[in-house]
Amino acid sequence: MASLRILVAEDDGPIRELIVHHLVRDGFFPIEAADGSTALRIARDGADLILLDIGLPGIDGLDIARTLRREGRDTPLLMLTARTDEVDRVVGLELGADDYIVKPFSPREVVARVRAVLRRTGLKHDRGPQLLHFGRLEIDEAAREVRVDGVDIGLKPREYQLLRALADNVGVAMSREALLQRVWGYDFDGDERTVDVHVRRLRQKLVERHGLSECFQTLHGYGYKFTAV
Ligand code: CA
């Protein structure tokens, strides 16, 4: 079946690209709009779901939502709002938005919320088992395996989750704090050096033992960035 068309209306280029990247990876077909009138035009052409930033140049997200609903279009709408704009959120929901996501968000969260809205609205999105490829490195979400040249290298659960968190965000600087929350959870009150220890183990297994080129860039005083192998 054809991929579902997701309109990504967001004027912040890096945020838009990050969302698009993750939607593509998840088998969706994103269409990008960086301003309000482009977004409205694409929405009228037909999209299966709209990710709609409220603060858009030209026509803002709330006006787009209002216009679409007035025209009788019931395309699922997920509003993207800044943390402080509580009024916008309420208005957005009153205008018929299906959900909203508060910035800053992780791209994985956006994809999860897109899926949830699609489920609720009964749209089917068939997504096969997820497989990430980086040269000789393969991360298999279904099997929870990390393979080099096709052979499982036996990562421990935390190592797997950490690699997964980094590889999901190729080229994106991830703070130690963000990684801790993603991998160890919000309640974890351990040291941020836990992250360093686990990155060191990943380096040993992937780079030293299996000869992959260095794929973990250390960002001093901040965290790490996964670069393509
Ligand atoms: Ca904006």
Side-chain angles (χ1 to χ4, degrees), residues 3-118 120-121 123 125 165 168-175 177-179 181-182 186 219 222-223 225-226:
S3 299
L4 294 179
R5 289 157 54 94
I6 313 286
L7 167 59
V8 184
E10 165 63 74
D11 58 316
D12 186 316
I15 294 182
R16 191 178 61 246
E17 280 163 30
L18 199 59
I19 296 174
V20 163
H21 178 78
H22 280 75
L23 288 172
V24 168
R25 176 178 288 173
D26 249 52
F28 292 104
F29 183 83
I31 311 159
E32 297 178 54
D35 64 78
S37 46
T38 308
L40 189 55
R41 184 172 51 75
I42 297 171
R44 283 172 170 154
D45 279 351
D48 294 304
L49 181 142
I50 303 170
L51 278 168
L52 189 57
D53 178 31
I54 288 184
L56 277 178
I59 314 169
D60 78 26
L62 293 176
D63 277 338
I64 291 175
R66 205 174 279 123
T67 304
L68 291 174
R69 293 308 188 229
R70 200 175 50 224
E71 292 173 355
R73 295 170 205 276
D74 56 358
T75 316
L77 271 177
L78 245 166
M79 310 293 285
L80 306 174
T81 86
R83 188 171 289 283
T84 47
D85 297 339
E86 197 174 345
V87 175
D88 282 352
R89 266 181 258 162
V90 173
V91 173
L93 292 174
E94 281 172 357
L95 287 175
D98 294 87
D99 202 356
Y100 60 85
I101 304 176
V102 180
K103 295 176 183 179
F105 44 71
S106 78
R108 303 259 310 156
E109 181 193 355
V110 173
V111 174
R113 300 284 279 280
V114 164
R115 276 203 223 104
V117 168
L118 290 173
R120 283 208 299 276
T121 53
L123 281 169
H125 172 53
D168 264 346
N169 296 280
V170 186
V172 178
M174 304 277 289
S175 68
E177 192 190 357
L179 289 166
Q181 290 179 351
R182 284 278 297 277
Y186 285 86
L219 307 166
Y222 187 73
K225 179 157 58 173
F226 184 83

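The structure presented is a predicted model; accordingly, all values stated were derived computationally and were not measured. All ligand and atom numbering here is 1-based and tracks the order in the structure.
At a cut-off of 3.0 Å, E10 does not coordinate the Ca ion (ligand 1) through any N, O or S atom. Taking 3.0 Å as the criterion, L56 does not count as a coordinating residue of the Ca ion (ligand 1), since none of its N, O or S atoms falls below it.
Crowding of E71 atom CD: a count of heavy atoms from other residues, nucleotides or ligands under 6.0 Å exceeding 12.
The Ca ion (ligand 1) is closest to atom OD1 of D11 (considering only N, O or S atoms). When distances from the Ca ion (ligand 1) to the N, O or S atoms of D53 are compared, OD2 comes out shortest.
A salt bridge links D98 to R69: one of the charged nitrogens lies within less than 4.0 Å of a carboxylate oxygen. Here D99 pairs with R113 in a salt bridge; the nearest charged N to carboxylate O distance falls below 4.0 Å.
Checking side-chain atoms of R73 against main-chain N and O of L68 turns up no donor-acceptor pair under 3.5 Å.
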